[in-house]
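See structure below.
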Amino acid sequence: MDTTTHRPELDDADLIVRHSVLEDILGIVTGTFTVSLGLFLLKTSGAVTGGTAGLALLLSYVGGIPFSVLFFAVNVPFFALAVWKKGWDFTLRTMAAVALVSGLSYLHPLALGGLTLDPLYAALGGNLLAGVGLLILFRHKASLGGFNILALILQERLNWRAGYVQMALDTAIILAAFTVVEPAAVLLSALGAVLLNLVLALNHRPGRYLGA
């Protein structure tokens, strides 16, 4: 006689194991450190990337204003979009992440000093680190503002993968770099930006990650 009790299948909400406050804090610190290190590699070699980070790098090359100041400033308009579409919890986490990346941009030059890097290594390694860092932030309900916010909203509302949306938006930043950076560096930057967004597209997909 079969005495097995039938149990209805659990839906996704029942399977979610939520992150604790400590896990979220450590995740955001880890993600921002990883992103900022990647941006340091890019800046050291004169390369760029996409998004508001890439825009801030470009403006820092042109005007001499510190990256940290520019990065926070260009993100300010997107915070209002985040509040409107994602709520205060996500927005405050994102503001904290942007502030941390801005602050950490001062740490790496002090700790590592002047580096001479192979341009290909800097472009690929820097963007790979930035992509992994962004992935960590996304999984702890944060972002680095700007295009990240728009990409996440489109993924949630229209089921478009955030990585592909980000890749399309980043193309405009990379093309703009031709007016500031040497063509060879721009091409390497474009290759690196593709790598960054592939990291997001292949790993941050709807339904794949249930942590909250």
(Q) Using every non-hydrogen atom in the two residues, find where Leu188 and Ala123 come nearest and quote the distance to one decimal. (A) O-CB, 3.5 Å

Q. What pairs with Tyr121 under side-chain hydrogen bond (donor to acceptor under 3.5 Å, both in side chains), at least two apart in sequence or on another chain?
A. none

Q | Close side-chain approach of Leu59 to Val180, heavy-atom, < 4.5 Å | A | no

**Q.** Centroid-centroid under 6.0 Å between Phe90 and His140 rings
**A.** no

**Q.** Leu175 reachable from Val74 in the ILVMFWY side-chain graph, under 4.5 Å edges
**A.** yes

Q | For Thr49, the option from Leu196, Ile174, Leu58, Leu195 that meets side chain to side chain contact (heavy atoms under 4.5 Å, CB included) | A | Leu196

Q. Which heavy-atom pair separates Lys43 from Leu57 by the least distance, and what is that distance?
A. CB-CD2, 3.9 Å

Q) So, Thr30 side chain and Gly27 main chain: donor-acceptor pair closer than 3.5 Å or not? A) no

Q: Check whether any side-chain heavy atom of His108 lies under 4.5 Å from a side-chain heavy atom of Leu41, and answer yes or no.
A: no

Q. Would you say the side chain of Thr52 lies within less than 4.5 Å of the side chain of Leu144, judging by non-hydrogen atoms?
A. no

Q: Write down the atom of Phe72, the atom of Met95, and the distance for their closest heavy-atom approach.
A: CE1-O, 4.3 Å

Q | Distance, nearest 0.5 Å, that separates OG of Ser60 from CD1 of Ile65 | A | 9.5 Å

**Q.** Heavy-atom check, side chain of Thr116 versus side chain of Thr44, under 4.5 Å
**A.** no

Q.
Measuring from atom OG of Ser102 to atom CG of Leu70, what distance do you get when rounded to the nearest 0.5 angstrom?
A. 9.5 Å

Q. Does Phe71 share a hydrophobic cluster with Val76, counting links as ILVMFWY side-chain heavy atoms below 4.5 Å and allowing steps through other members?
A. yes

Q. Do Asp89 and Lys141 have side chains that get closer than 4.5 Å, going by heavy atoms?
A. yes

**Q.** Side-chain touch Phe40/Pro109, heavy atoms, less than 4.5 angstrom
**A.** yes

Q. Does Tyr106 belong to the same Ile/Leu/Val/Met/Phe/Trp/Tyr cluster as Val98, with side-chain heavy atoms less than 4.5 Å apart forming each link?
A. no

Q.
Are more than 12 heavy atoms, taken from residues, nucleotides or ligands other than Glu182, located less than 6.0 Å from that residue's CD atom?
A. no

(Q) Could you check whether Thr94 and Ser143, counting side-chain N and O atoms only, form a donor-acceptor pair closer than 3.5 Å? (A) yes

Q | Side-chain touch Val181/Val48, heavy atoms, less than 4.5 angstrom | A | yes

Q) If Ile, Leu, Val, Met, Phe, Trp and Tyr residues are connected whenever their side-chain heavy atoms lie under 4.5 Å apart, and connections chain through other members, are Leu26 and Val35 in the same group? A) no

Q.
Please tell me whether Trp84 and Leu158 are part of a single hydrophobic cluster in this structure, the criterion being side-chain heavy atoms less than 4.5 Å apart.
A. yes

Quick one: side chains of residues 128-137, donor-acceptor pairs under 3.5 Å with protein atoms, not counting sequence neighbours, listed by atom name and distance.
none

Q: Verify, without hydrogens or angle tests, whether Ser45 (side chain) and Ala122 (backbone) share a donor-acceptor contact under 3.5 angstrom.
A: no

Q. Would Glu156 and Lys86 pass as an ion pair if we require N to O under 4.0 Å?
A. yes

Q: Using a 4.5 Å cut-off on heavy atoms from C-beta on, say whether the side chain of Ser68 contacts that of Ser105.
A: yes

